[in-house]
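Reminder, nothing fancy here: chain letters follow the sequence lines and each chain counts from 1.
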Number of protein chains: 2
Amino acid sequence: MHADDVFKALADPTRRRLLDLLCEQNGQTLGQLCEHLDMARQSATQHLGILEAANLVSTVRRGREKLHFINPVPLHEVYERWVRKFEKQRLSLLHDLKRELEGE
Amino acid sequence: MHADDVFKALADPTRRRLLDLLCEQNGQTLGQLCEHLDMARQSATQHLGILEAANLVSTVRRGREKLHFINPVPLHEVYERWVRKFEKQRLSLLHDLKRELEGE
DNA sequence: TTGACATGCAGGTATTTACCTGCATATCTC
DNA sequence: GAGATATGCAGGTAAATACCTGCATGTCAA
């Protein structure tokens, strides 16, 4: 996994919105997605390119249209690597802080 | 939750490294953390400030030292909002793509 | 109290980023 | 084929970002 690509892709609100839009209806075209965004089509294309580079979105051409599909795998890998790790220690981490605040 | 702050904080490799360092040993000082980073102390301070603004790290002063602690709560919220949502539809999303590739 | 140590604060710069406009290409429909 | 439609590509700009250096402040320990 390329964590950097995935996190950088998720760091922009427009791109998270695109993922949400695709979650509501998968396989939308560039034009359809643009209808929900308040920016030029070319800007949306760039955002989708970043999502595709991070492997969060896959595309298929159908004639003159380009269909966009979510790929949930990188999100799951992010979870495995970055969320579960800290979650396991959740209680103990908070305990560390509490103990420090109380002056040990 | 301020998703933007959390994702932007996670979008930098240095900041993810800092979280890993704190996971190995919670409550480290700025100086301790800097030993593992190849950059000026002031740069690390900025990164820690961003992590703190995102509520991923909490700090406690002890004399002239500043101790840093991980707060895993925002990561869990990110998981709830951005990973589980897509995970639930994981199989169906892949099915959508497969069907499209096969020409429906 | 004085020197060493840990951190804070104020700029300065090069790169990246998120937009845009303008034009080109490819595909459908009539 | 011609016009409409969907997308691609090539710059151009303003703002954000990730570094840095230099100096100030606060704390410990002898």
Taking only the side-chain nitrogens and oxygens of [X], find out if one of them lies under 4.0 Å from OP1 or OP2 of [N].
X        : N       : answer
Ser43(A) : dC20(C) : yes
Arg62(A) : dA26(C) : no
Thr59(A) : dT7(D)  : no
Arg61(B) : dG8(C)  : yes
Arg15(A) : dA18(C) : yes
His47(B) : dC19(D) : yes

What about [X]: does its side chain form a donor-acceptor pair under 3.5 Å with the base of [N]?
X        : N       : answer
Glu65(B) : dG26(D) : no
Arg64(A) : dT7(D)  : no
Gln46(B) : dC19(D) : yes

Between [N] atom [atom2] and [X] atom [atom1], what is the distance in whole Å?
X        : N       : atom1 : atom2 : result
Asp5(B)  : dA16(D) : CG    : P     : 14 Å
Arg17(B) : dC19(D) : CZ    : P     : 14 Å
Asp38(B) : dA18(D) : CG    : C1'   : 14 Å
Lys66(B) : dG8(C)  : NZ    : P     : 4 Å
Gln32(B) : dC5(C)  : CD    : P     : 16 Å
Leu30(A) : dT27(C) : CG    : P     : 16 Å
Asp12(B) : dT17(C) : CG    : C1'   : 14 Å
Arg41(A) : dA10(D) : CZ    : C1'   : 13 Å

### Message
Assuming nearest nucleotide by heavy-atom distance, tell me which of Lys8(B) and Thr45(B) is located more 5' along DNA chain C.
### Response
Thr45(B)
### Query
What residues form a side-chain contact (heavy atoms from CB on, under 4.5 Å) with Asn55(B), not counting sequence neighbours?
Asn71(B), Pro74(B)
### Query
What pair of heavy atoms forms the shortest contact from Val78(A) to Val6(A), and how long is it?
CG2-CG1, 3.5 Å
### Message
For Ala3(B) versus Trp82(B), what's the shortest heavy-atom pair and its separation?
### Response
CB-NE1, 4.1 Å
### Task
Classify the ring geometry between Tyr79(B) and Tyr79(A) as parallel (under 30°), tilted (30 to 60°) or perpendicular (over 60°).
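Rings of Tyr79(B) and Tyr79(A): parallel, under 30°.
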### Message
Is there a path of hydrophobic side-chain contacts, each under 4.5 Å between heavy atoms of I/L/V/M/F/W/Y residues, joining Ile50(A) to Phe7(A)?
### Response
no
### Task
Side chain of Gln42(A) only, please: which of dA18(C), dT21(C), dC19(C) is the nearest?
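Of dA18(C), dT21(C), dC19(C), dT21(C) is nearest to the side chain of Gln42(A).
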